[in-house]
There are 4 protein chains.
Amino acid sequence: MTHSNADKTPYMLDEDSLHEECGVFGILGHEDAAALTALGLHALQHRGQEAAGIVTFNNNRFHSERHMGLVGDHFTDPATLAQLPGDLAIGHVRYSTTGETILRNVQPLFAELEVGGIAIAHNGNFTNGLTLRRQLIAAGAICQSTSDSEVVLHLFARSRHTSSIDRFVDAIRQVEGGYAVLAMTRTKLIAARDPVGIRPLVMGELDGKPIFCSETCALDIIGATFVRDVENGEVIVCELQPDGSITTQSIKPEKPQPERLCMFEYVYFARPDSVVGGRNVYNARKNMGFNLAKESHVNADVVVPVPDGGTPAAIGYAQASGIPFELGIIRNHYVGRTFIEPTQQIRALGVKLKHSANREIIEGKRVILVDDSIVRGTTSVKIVQMIRDAGAAEVHIRVASPMIFYPDFYGIDTPDAEKLLANQYKDMDAMCRYIGADSLAFLSIDGLYRAVGGEPRNNDRPQFTDHYFTGDYPTRLLDQDNESNIHNLSLLASNG
Amino acid sequence: MTHSNADKTPYMLDEDSLHEECGVFGILGHEDAAALTALGLHALQHRGQEAAGIVTFNNNRFHSERHMGLVGDHFTDPATLAQLPGDLAIGHVRYSTTGETILRNVQPLFAELEVGGIAIAHNGNFTNGLTLRRQLIAAGAICQSTSDSEVVLHLFARSRHTSSIDRFVDAIRQVEGGYAVLAMTRTKLIAARDPVGIRPLVMGELDGKPIFCSETCALDIIGATFVRDVENGEVIVCELQPDGSITTQSIKPEKPQPERLCMFEYVYFARPDSVVGGRNVYNARKNMGFNLAKESHVNADVVVPVPDGGTPAAIGYAQASGIPFELGIIRNHYVGRTFIEPTQQIRALGVKLKHSANREIIEGKRVILVDDSIVRGTTSVKIVQMIRDAGAAEVHIRVASPMIFYPDFYGIDTPDAEKLLANQYKDMDAMCRYIGADSLAFLSIDGLYRAVGGEPRNNDRPQFTDHYFTGDYPTRLLDQDNESNIHNLSLLASNG
Amino acid sequence: MTHSNADKTPYMLDEDSLHEECGVFGILGHEDAAALTALGLHALQHRGQEAAGIVTFNNNRFHSERHMGLVGDHFTDPATLAQLPGDLAIGHVRYSTTGETILRNVQPLFAELEVGGIAIAHNGNFTNGLTLRRQLIAAGAICQSTSDSEVVLHLFARSRHTSSIDRFVDAIRQVEGGYAVLAMTRTKLIAARDPVGIRPLVMGELDGKPIFCSETCALDIIGATFVRDVENGEVIVCELQPDGSITTQSIKPEKPQPERLCMFEYVYFARPDSVVGGRNVYNARKNMGFNLAKESHVNADVVVPVPDGGTPAAIGYAQASGIPFELGIIRNHYVGRTFIEPTQQIRALGVKLKHSANREIIEGKRVILVDDSIVRGTTSVKIVQMIRDAGAAEVHIRVASPMIFYPDFYGIDTPDAEKLLANQYKDMDAMCRYIGADSLAFLSIDGLYRAVGGEPRNNDRPQFTDHYFTGDYPTRLLDQDNESNIHNLSLLASNG
Amino acid sequence: MTHSNADKTPYMLDEDSLHEECGVFGILGHEDAAALTALGLHALQHRGQEAAGIVTFNNNRFHSERHMGLVGDHFTDPATLAQLPGDLAIGHVRYSTTGETILRNVQPLFAELEVGGIAIAHNGNFTNGLTLRRQLIAAGAICQSTSDSEVVLHLFARSRHTSSIDRFVDAIRQVEGGYAVLAMTRTKLIAARDPVGIRPLVMGELDGKPIFCSETCALDIIGATFVRDVENGEVIVCELQPDGSITTQSIKPEKPQPERLCMFEYVYFARPDSVVGGRNVYNARKNMGFNLAKESHVNADVVVPVPDGGTPAAIGYAQASGIPFELGIIRNHYVGRTFIEPTQQIRALGVKLKHSANREIIEGKRVILVDDSIVRGTTSVKIVQMIRDAGAAEVHIRVASPMIFYPDFYGIDTPDAEKLLANQYKDMDAMCRYIGADSLAFLSIDGLYRAVGGEPRNNDRPQFTDHYFTGDYPTRLLDQDNESNIHNLSLLASNG
């Protein structure tokens with residue numbers, strides 16, 4: 001997504017958490033390609049709930065269905081799947097980052113080229129997307145969407161290379177940032193992961209047919225086997241041969257860089273049952289809670305998770321501290337898609353739409369609230385107030401990740417730096433007073449690294465990317481650096 | 001709802017659990033009546049997700065909005081709320097039990113009468129509903145819906161009494177079964193609970209204005225105060241007086257019966273943070289797990305809840321047994337409204353759409369799976385298989401309620417008796433083999449009673465109704481007894 | 001329809017013409033009953049464009065589809081027709097008269113009774129509808145719509161008679177006014193026409209199966225044969241016998257009254273190719289124009305119809321006068337359903353959305369404009385201005401019907417009496433000045449009678465009803481006379 | 001539109017007439033630009049009923065609304081117009097020619113370019129559109145639609161010229177065929193007409209602000225003044241200057257060709273009240289009927305138009321022959337958008353959905369049926385049968401245009417040559433027998449030329465293009481000539 005962070009402020013007022021932008025899934029050679037892709041996207045729904053799309057190829061024709069809403073709202077209808085014949089499919093779930101989601105921007109995107117059609121979907125963000133888009137437009141390209149995927153399409157279309165593989169590699173080597181890209185031509189399923197491997201992408205197999213997807217949970221739902229991670233900087237091309245066999249080719253960068261997976265996949269984004277970079281996410285989170293209890297012990301009666309994100313860390317915290325784990329906050333799961341346009345009255349009621357205190361558990365107790373992360377802190381203020389209203393004797397906030405100081409440019413929707421809690425208050429005491437808690441503690445960087453990888457941070461060569469905590473960005477930020485001389489494109493406001 | 005259980009079999013194949021049919025909310029004298037009702041219904045959404053409706057009264061006119069879908073899909077739009085002016089409102093969420101939900105059946109229902117309009121909504125089921133309907137039709141009544149609420153409307157309309165209160169009492173005293181009814185006239189908000197108090201109904205207050213709702217969680221969401229339970233057999237009438245004050249009148253049965261609340265409210269239906277019959281539901285469920293561990297101990301490595309229903313009992317089980325509580329099954333919360341029309345492929349994948357094994361937690365472990373209840377057992381078979389596929393060394397099922405043998409006729413959607421797991425296998429061993437577990441145990445009746453009320457079952461005068469476990473129905477079952485001589489009405493199949 | 005005329009004023013500002021309220025069609029014993037009914041309703045679409053409904057009976061069940069919009073918008077979809085199996089069907093097209101059309105009011109209406117289900121649809125208006133409704137509600141009836149048809153349903157349901165035929169006759173003899181009613185039970189198709197035959201209703205036959213419909217054009221579209229008019233006051237019952245044969249029974253009033261068909265069917269409502277009361281409507285209209293030319297000759301260069309209503313009379317006028325007939329005004333037929341919510345700017349442009357001057361034909365010419373009728377005159381003002389703007393030398397208005405002084409109570413939507421042009425100006429000169437024409441003339445009452453029936457009006461026993469011109473109402477007007485003591489019901493404002 | 005004619009056969013089976021593909025409207029400098037454009041498009045609705053779109057520019061942003069359906073279905077809603085602020089607008093109505101209309105193809109199209117945004121809409125067809133598209137794709141362009149307008153966008157984007165005017169002229173000079181193009185940048189409204197002026201385009205003015213539109217009727221509806229025709233080959237650029245004034249610049253081809261307007265605009269497409277090429281269309285059609293009567297007299301009792309297309313010619317025929325003009329066929333105008341998916345039964349009933357015989361006028365009469373044109377003849381067969389069924393003594397067909405032998409490539413949807421009636425029968429007698437008429441006659445080429453322009457055809461330098469009658473195409477047909485070596489693009493089948 002190419003966007004300035006400034007636009008998102010109003011949205012972030014409602015939703016005080018970070019958002020992954022997308023999930024991808026692709027499969028080659030399976031007769032149920034579209035249905036399996038729909039299921040895979042359903043398992044990836046937590047990575048984007050605003051829109052979903054699937055493209056298939058069959059009988060010399062590409063077929064596309066793209067719809068606003070959940071996967072299950074449209075893609076389980078047999079009539080819709082019947083519009084998606086073929087044994088090659090890629091799909092995409094999307095979280096809107098700009099507030100003006102329109103169907104034109106829903107992926108996968110498709111282009112008709114002289115070498116044949118190509119469809120493409122990606123998760124992540126190109127840090128030189130605007131720069132490339134500007135160059136392309138100056139060279140006469142016409143952009144129909146505001147999606148980064150379209151930039152890859154144009155680079156592919158304009159490549160001087162002949163073969164579609166060479167064109168794809170040529171295109172993907174020009175983009176910078178964090179991304180997991182899936183592409184498909186008439187016979188090929190192509191997967192690519194960014195040079196430092198910020199965004200996750202795994203390879204699996206079902207009935208001997210290759211699958212690529214954002215997380216392993218999308219393999220599990222269809223009973224597929226995990227094969228391996230796509231490596232950082234790697235392009236994998238699976239091709240259906242005329243004899244029906246499928247060949248697989250791996251193209252690796254000449255100068256490979258060390259992998260630096262995004263820490264927030266472990267902290268918040270990935271599903272607890274997924275294995276990311278070889279590590280179970282639930283265990284990583286439990287460890288975060290465990291380490292947090294060791295680092296910031298406090299005497300209390302109950303450990304209460306802020307559901308659902310804080311639950312694994314709270315279990316770890318309870319196990320480390322011996323304080324009982326209790327469901328002191330009940331989450332209303334029907335909020336998901338609802339209350340898109342809340343009234344002023346409902347807005348004023350704030351967080352209670354999603355969370356409700358379980359008074360019997362809270363009343364008169366010293367409560368440790370465990371949350372996965374704090375972004376702006378507005379939600380924490382409301383939750384602490386709710387717990388106090390329910391009669392808690394003390395409220396101690398324990399956050400299973402470090403303080404966030406810096407924006408992300410690799411596909412995570414972050415508020416402006418000055419809106420982040422950590423930048424608004426000069427010290428922990430001030431923060432704690434703002435939130436209204438009796439005490440407040442964050443997990444240390446090393447506590448986090450140990451929870452995920454077993455080792456403290458190697459500051460010379462960090463094992464992960466943790467720029468939101470440290471400011472140590474794993475790539476250059478071309479669009480950001482050029483921001484002054486990139487004029488804003490006058491985007492089309494369109495309903496049709 | 002008047003329906004035969006036979007129709008529901010196909011639906012139950014997909015959904016191996018019991019379903020409450022409805023939730024109600026009403027408020028008198030508050031300027032934000034409709035918005036508060038929408039919020040209350042949102043908190044009661046777990047009691048019915050298929051449709052929602054609100055009726056208000058303002059300026060000599062009743063206003064009605066009824067929509068298929070979640071409360072948040074329609075009733076948070078300011079334009080919709082603007083169609084619902086007034087300071088008196090009742091609302092309803094509905095779970096469809098017949099497969100042919102149509103808007104005509106969505107409550108509240110309304111009728112124009114000589115004494116003025118009346119709107120009515122209810123949770124529960126009348127055990128003489130069909131019998132009464134047949135008598136009414138024979139007397140020239142025209143029924144426009146298949147809802148039990150309409151029966152009350154007709155009885156009200158045909159009552160020989162003059163005052164609307166007398167008419168309502170006259171009508172409600174003719175119906176039998178389990179119900180929580182809310183009604184409103186131009187100036188009155190009326191609440192009624194069935195003679196033995198099977199369905200719950202509570203009274204609350206906000207800014208001095210009376211509220212009635214199915215559960216206390218609907219009070220909490222809007223910051224209202226709990227006043228008391230509506231008693232079994234009681235009719236409470238709140239009336240707006242010309243001077244703006246509100247009077248409250250309680251009409252109790254001449255021969256009160258002892259209360260027998262539905263045990264399944266504690267086992268499954270009510271929200272964990274609700275207080276039902278004076279008892280916190282989360283604690284009751286934790287106690288069920290606690291007692292279950294005491295009754296049916298087994299050596300194991302992890303206690304894993306079948307989410308979300310089994311989670312509180314699993315916490316109790318873990319606390320009692322000292323075996324660690326772990327999230328070994330991850331639930332996909334986006335399933336809620338999705339996959340209404342799954343394809344055959346997706347149907348074959350069964351339970352995995354909703355549940356996924358967290359392999360790292362399961363592999364090589366002796367697993368205790370804690371579930372709230374088992375109805376047909378088809379889900380349990382799939383979950384055990386899923387846990388075994390994830391590499392469990394042993395799988396022990398512990399069910400935090402007794403075996404279900406009998407259908408319900410008070411508003412719970414149950415499969416035919418012969419479809420219930422408990423009726424299909426001659427002993428616990430056979431059941432365990434069918435499910436594929438290494439061991440299987442259910443909570444005892446007394447264990448359940450103790451968990452909820454602190455005392456074992458008083459068999460002479462049971463403290464709750466538990467007919468699905470024991471066959472001890474708290475009322476006569478007129479429609480069932482007369483079934484042979486009640487001809488089926490040829491219902492209209494209508495889309496408009 | 002039970003409504004006060006006062007509500008309609010705002011609507012009439014946009015639409016300066018009269019509106020018929022409905023059309024009906026029914027067929028018994030034909031395997032394509034629903035499709036043939038859809039076609040018949042399509043041919044009757046000019047009688048109502050707001051909503052359409054069809055009920056069929058098949059396999060012990062009634063089936064109903066009712067939709068807002070044109071017949072062709074919904075009822076030509078094979079999926080919709082598949083919801084309407086059976087060989088017995090009645091259908092209805094509706095023109096909204098109240099501005100608050102809701103699906104509950106769309107006909108046919110259906111009721112489940114002890115003697116079995118009954119569906120009913122009607123065209124027209126009961127002059128004692130409100131009075132009956134009030135009596136029914138006082139006796140405990142619950143009304144779910146504001147439609148007159150529901151009154152017949154209740155009278156039928158409450159009748160003391162045993163057979164459905166006796167019940168229907170009992171019910172229909174209690175209502176007064178102008179109506180053409182179709183009803184169906186499981187085996188019977190019933191047609192009834194009001195005692196003086198104000199509204200038309202004809203009987204036809206296709207493949208030996210009986211059909212009833214508002215106009216003969218609905219027979220022509222499906223190639224059915226005209227059998228005869230249903231007589232005024234007659235009830236015809238066609239019944240499917242167990243052996244597959246169909247019997248027909250005619251029930252006539254004990255004291256038959258002379259027929260008085262509504263003159264406006266000839267002037268404006270009926271389709272030109274229909275035969276109403278044995279007379280071709282196109283010829284009747286041409287005769288009106290012919291007689292008008294004889295009565296009110298003026299020298300001119302062209303005769304221009306106000307399309308489409310004025311076209312047949314303009315042809316007659318041109319033939320009688322020898323002045324050439326020319327299309328000096330072009331009508332935009334796409335206006336039909338469009339511009340339901342025009343903007344203020346578009347509203348200000350008024351009549352031009354529908355009509356446009358054909359300047360080449362008008363410029364420098366003396367123009368005779370022939371219109372079918374003038375109601376409020378607001379459209380005439382705009383059309384004369386448009387013709388003058390196009391350069392006409394003279395504009396002479398000739399109206400092919402008499403002046404309208406009185407409201408209708410038999411199913412025609414008329415403005416309040418004081419809004420009618422004829423009541424606003426004291427003489428023809430004043431009217432002509434208001435309209436801006438050089439001359440203005442209306443057809444005489446006798447000219448109209450001669451055009452339709454060949455004879456002048458028999459004032460002792462008028463051959464038609466012409467109350468809007470003469471004030472001579474053919475029935476008593478009970479609701480109107482009782483208006484002071486009928487309190488307005490507080491109707492439900494409902495969107496669901 | 002780039003398409004092969006072959007695809008359209010199935011569609012033409014239902015609709016035995018030719019179809020214009022589009023209408024355009026644009027205005028610069030008027031504060032009500034969008035509302036006026038909506039009205040103009042409403043007046044042009046006869047040129048395309050499938051979709052409509054409007055683009056405006058305001059506050060540095062382009063705004064677009066494109067919707068399937070009629071103009072009045074969407075663009076009269078104040079909420080929609082509120083999405084279209086600004087005083088510069090272009091709009092488009094579209095008739096679908098391919099059967100797979102998707103929103104991506106609905107015009108105006110928009111592109112973001114380095115020189116700023118540009119929107120474009122056109123009526124007509126490029127005879128080298130496929131060839132250009134192929135060249136563009138080979139050069140790396142990505143096409144998102146199948147619309148010819150997108151070709152102009154790409155040529156504009158890739159032009160080496162600096163100014164937007166030079167770029168537009170550069171682009172438009174590369175396309176061949178028949179077209180009327182409107183384009184808009186941030187400050188300019190640009191109009192272009194093809195080199196021989198096949199498609200019409202006129203310039204008008206309202207309150208001193210320039211307007212361009214397909215026909216003068218779109219000026220009349222908003223009270224705008226006709227200024228002049230855009231000349232063949234001319235590009236007119238109106239530009240809003242910083243001081244608020246508007247400049248107008250005309251760019252004419254270096255080697256102008258003689259104009260050859262499409263004869264079918266006079267025969268069928270244009271609205272009767274439009275002035276096309278300086279000639280009133282209604283008068284031209286009346287003259288065609290007049291000349292037809294002179295050329296092919298036959299004794300008869302009535303002249304009956306096939307409505308609505310044949311009406312003006314029938315009036316002319318009646319005036320020339322002295323035989324009375326009568327409405328012997330009634331058209332159901334509600335068919336317009338309805339019956340999009342007719343059932344088989346309804347399909348079998350064919351033409352009667354739209355036309356109905358007025359038996360009283362036909363029975364026993366010698367009938368002259370006047371139609372505007374005959375394409376495949378399938379409709380004529382049904383209409384003659386319908387007239388015979390109504391009892392006509394004789395049926396004589398008179399067609400107010402010559403026989404059609406050749407397909408069109410300039411924006412008219414024509415069936416394959418071998419499907420045309422004129423190519424299926426070896427002589428007029430065989431045709432007449434096929435149609436079932438007693439006699440059949442077509443207007444001569446010279447009769448047509450005289451009716452429109454007053455002079456017979458100048459065979460050395462024809463005054464109009466008449467290629468469907470004569471095979472004399474006014475331009476080369478590059479795509480057709482290259483058809484063998486243009487491979488079909490594998491288009492995307494998309495619903496989103």
Side-chain angles (χ1 to χ4, degrees), chain A residues 32 35-36 38-39 42-43 45-46 49 70-73 76-78 81 217 220-223 271-273 275 280 282-283 286 308 311-312 315 318-319 324-330 332-346 349 352-353 356-361 389-390, chain B residues 32 35-36 38-39 42-43 45-46 49 70-73 76-78 81 217 220-223 271-273 275 280 282-283 286 308 311-312 315 318-319 324-330 332-346 349 352-353 356-361 389-390:
Chain A
D32 293 326
L36 292 167
L39 286 165
H42 171 61
Q45 191 80 77
H46 59 288
Q49 299 93 47
L70 297 178
V71 176
D73 290 342
T76 53
D77 179 0
L81 290 176
C217 63
D220 295 340
I221 195 174
I222 55 172
R271 237 172 67 169
D273 54 333
V275 176
N280 176 263
Y282 171 76
N283 270 346
K286 248 185 63 185
D308 289 347
T311 302
I315 292 172
Q319 291 180 0
F325 168 89
E326 300 282 1
L327 300 186
I329 300 178
I330 303 301
N332 186 337
H333 281 287
Y334 299 106
V335 174
R337 342 185 10 210
T338 66
F339 297 97
I340 288 162
E341 290 188 84
T343 60
Q344 194 49 39
Q345 287 121 308
I346 291 174
L349 286 157
K352 288 189 187 165
L353 282 177
S356 166
N358 193 356
R359 172 176 287 269
E360 189 102 353
I361 298 306
D389 289 348
Chain B
D32 293 327
L36 292 167
L39 285 165
H42 171 60
Q45 191 80 77
H46 59 288
Q49 298 94 46
L70 297 178
V71 176
D73 291 341
T76 54
D77 179 0
L81 289 177
C217 63
D220 295 340
I221 195 175
I222 56 172
R271 238 172 70 167
D273 54 332
V275 175
N280 176 263
Y282 171 77
N283 269 347
K286 247 186 63 184
D308 287 346
T311 302
I315 292 172
Q319 291 180 1
F325 168 87
E326 298 283 359
L327 300 185
I329 300 178
I330 303 302
N332 186 337
H333 281 287
Y334 299 106
V335 175
R337 334 184 19 205
T338 67
F339 295 97
I340 287 160
E341 292 188 80
T343 62
Q344 194 50 42
Q345 286 122 310
I346 292 173
L349 286 157
K352 288 188 186 167
L353 282 176
S356 167
N358 193 357
R359 171 176 287 271
E360 191 102 352
I361 297 308
D389 290 347

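Note on naming: letters A, B, ... go to the chains in the order of the sequence lines (proteins, then strands), and numbering restarts at 1 for each one. The model shown is predicted, which means the values in this text are computed figures rather than measured ones. Computation of the quantities below employed the complete heavy-atom set of this structure, encompassing side-chain atoms and omitting hydrogens, waters and symmetry-equivalent molecules.
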(request) Sort B:I361 into side chain, backbone, both or neither according to what part of it lies under 4.5 angstrom from a heavy atom of chain A. (result) side chain
(request) Counting only heavy atoms closer than 4.5 Å, note whether B:A390 contacts chain A via side chain, backbone, both or neither. (result) neither
(message) Assess, by modelled atom type and distance only, whether the side chains of B:Q49 and A:Y334 contain a donor and an acceptor separated by less than 3.5 Å.
(response) yes
(message) Only pairs of heavy atoms separated by less than 4.5 Å count here; which of A:I315, A:D308, A:D220 has the most with chain B?
(response) A:I315
(message) For A:D273, give me all partners under salt bridge (charged side-chain N to carboxylate O under 4.0 Å, His left out), at least two apart in sequence or on another chain.
(response) A:R271
(request) Against chain A, label B:A318 side chain, backbone, both or neither, depending on which of its atoms sit under 4.5 Å from a heavy atom there. (result) neither
(request) To the nearest 0.5 angstrom, please state how far the CD1 atom of A:I221 sits from the NE2 atom of A:H42. (result) 4.5 Å
(message) Quick check: closest heavy atoms across B:P324 and A:Q319, and the distance to 0.1 Å?
(response) CB-NE2, 3.9 Å
(request) With a 4.5 Å cut-off on heavy-atom pairs, point out which of B:N283, B:V275, B:I329 contacts chain A the most. (result) B:N283
(message) Measuring from atom CG of B:L39 to atom CD1 of B:I222, what distance do you get when rounded to the nearest 0.5 angstrom?
(response) 7.0 Å
